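Keep in mind it's a predicted model, so treat the numbers as computed, not measured. Computed over heavy atoms, backbone and side chain alike; hydrogens, waters and symmetry mates excluded.
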Amino acid sequence: MTAAPGPPRSAAVTVLHTAVSDPLARPLLDELTHEYSTRYEKPVDLSLEYPDAEFDPPRGAFLLLLEDGSPVAGGAYRRYDAHTAELKRIWTHSAHRRRGLARRVLEALEQDAAQRGYHRVYLTTGPRQPEAKGLYLAAGYRPLFDLSAAPETIGPLPFEKHLENPRP
């Protein structure tokens, strides 16, 4: 059985570097909140996780992929340590999945982080997000956990990737 293709592409996808407070970010934040609350069966408030300013340049970034002016995917990073950016809030709109947009978000975040001098990216995903785990493995991220262990016994699943050609 193969997955149904996503909606047809109607326009070029553009990258918008913006802020968490941008009204265009609301669908991303609302869907993430719903997704996490549903999968983990407890309320989630992303605004309590990190202050929005942690995703502002020069130490972080928040970006959206736009199609016809509407957000279809997005993500962010914040400073984890002097050499590492921590990726957060990776998202693809539910109506636009299976189009490779999450991979494009990862690539855009990695490129931006490298341009800002980061040498490594780090992220965690929840144990109930097998599609995210698969995305990170396919994108060349190294798992920092035992892949043969049951994800629920690990908790958040950490990954890392060393960036090519970071700014000196």
Side-chain angles (χ1 to χ4, degrees), residues 3 6-7 13-40 44-57 59-67 70-81 84-116 118-145 147 151 154-164:
V13 174
T14 58
V15 177
L16 173 67
H17 285 79
T18 188
V20 176
S21 60
D22 186 328
L24 284 172
R26 184 58 22 212
L28 178 154
L29 301 172
D30 289 347
E31 272 202 351
L32 278 176
T33 298
H34 175 74
E35 184 88 16
Y36 294 157
S37 297
T38 302
R39 284 193 193 215
Y40 297 101
V44 172
D45 186 348
L46 293 175
S47 67
L48 298 177
E49 184 184 30
Y50 301 104
D52 292 353
E54 289 203 24
F55 301 107
D56 290 343
R59 296 170 56 150
F62 184 85
L63 63 86
L64 295 170
L65 299 187
L66 302 179
E67 187 173 69
S70 296
V72 293
Y77 70 83
R78 67 186 201 99
R79 183 180 192 269
Y80 186 75
D81 65 34
T84 307
E86 181 181 18
L87 303 187
K88 303 297 291 179
R89 300 180 181 171
I90 308 295
W91 164 84
T92 301
H93 190 287
S94 58
H96 295 276
R97 294 190 176 147
R98 315 258 343 134
R99 294 180 45 198
L101 296 170
R103 183 75 171 255
R104 290 181 67 179
V105 168
L106 287 177
E107 291 166 356
L109 291 170
E110 291 166 9
Q111 180 180 14
D112 191 86
Q115 289 173 349
R116 293 189 191 277
Y118 290 108
H119 298 271
R120 174 180 173 257
V121 288
Y122 169 84
L123 62 86
T124 60
T125 191
R128 294 182 186 173
Q129 294 173 260
E131 65 284 353
K133 176 182 165 186
L135 168 68
Y136 303 135
L137 291 171
Y141 283 73
R142 183 172 75 89
L144 302 174
F145 60 95
L147 283 172
I154 298 169
L157 309 177
F159 292 85
E160 72 172 353
K161 184 176 186 180
H162 291 275
L163 299 174
E164 295 181 23

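- By the 6.0 Å contact criterion, NE2 on H34 is open, its count of non-hydrogen atoms from other residues, nucleotides or ligands being 12 or less.
- Contact check for E160 versus Y80: no side-chain heavy atoms found under the 4.5 Å cut-off.
- Residues H17 and D112 are in side-chain contact: their nearest non-hydrogen atoms beyond the backbone lie under 4.5 Å apart.
- Here the side chains of V15 and R104 are not in contact, with every heavy-atom distance at 4.5 Å or above.
- Using modelled atom types, one finds no donor on one side chain facing an acceptor on the other under 3.5 Å when comparing R97 with T92.
- When each of T125, L28, L109 is checked for a side-chain contact (heavy atoms from CB on, under 4.5 Å) with I90, only L109 meets the rule.
- To the nearest 0.5 angstrom, L106 atom CG is 7.5 Å from K161 atom NZ.
- Within the 4.5 Å cutoff, the side chain of L157 has no heavy atoms near those of the P143 side chain.
- In this structure, the separation between OH on Y136 and CD on Q129 is 7.5 Å, given to the nearest 0.5 Å.
- Within the 4.5 Å cutoff, the side chain of L16 has heavy atoms near those of the L24 side chain.
- Side-chain contact check for F62 versus D22: every heavy-atom pair is 4.5 Å or farther apart.
- Using modelled atom types, one side-chain atom of Y118 and one backbone atom of R59 make a donor-acceptor pair closer than 3.5 Å.
- We find the CZ-CZ distance between R116 and R79 to be 13.5 Å, quoted to the nearest 0.5 Å.
- With respect to W91, the side-chain contact (heavy atoms from CB on, under 4.5 Å) criterion is satisfied by exactly one of H93, R89, K88: H93.
- The side-chain heavy atoms of F159 and L87, taken from C-beta on, include no pair separated by under 4.5 Å.
- For the pair E31 (side chain) and S94 (backbone), a donor-acceptor distance under 3.5 Å is present.
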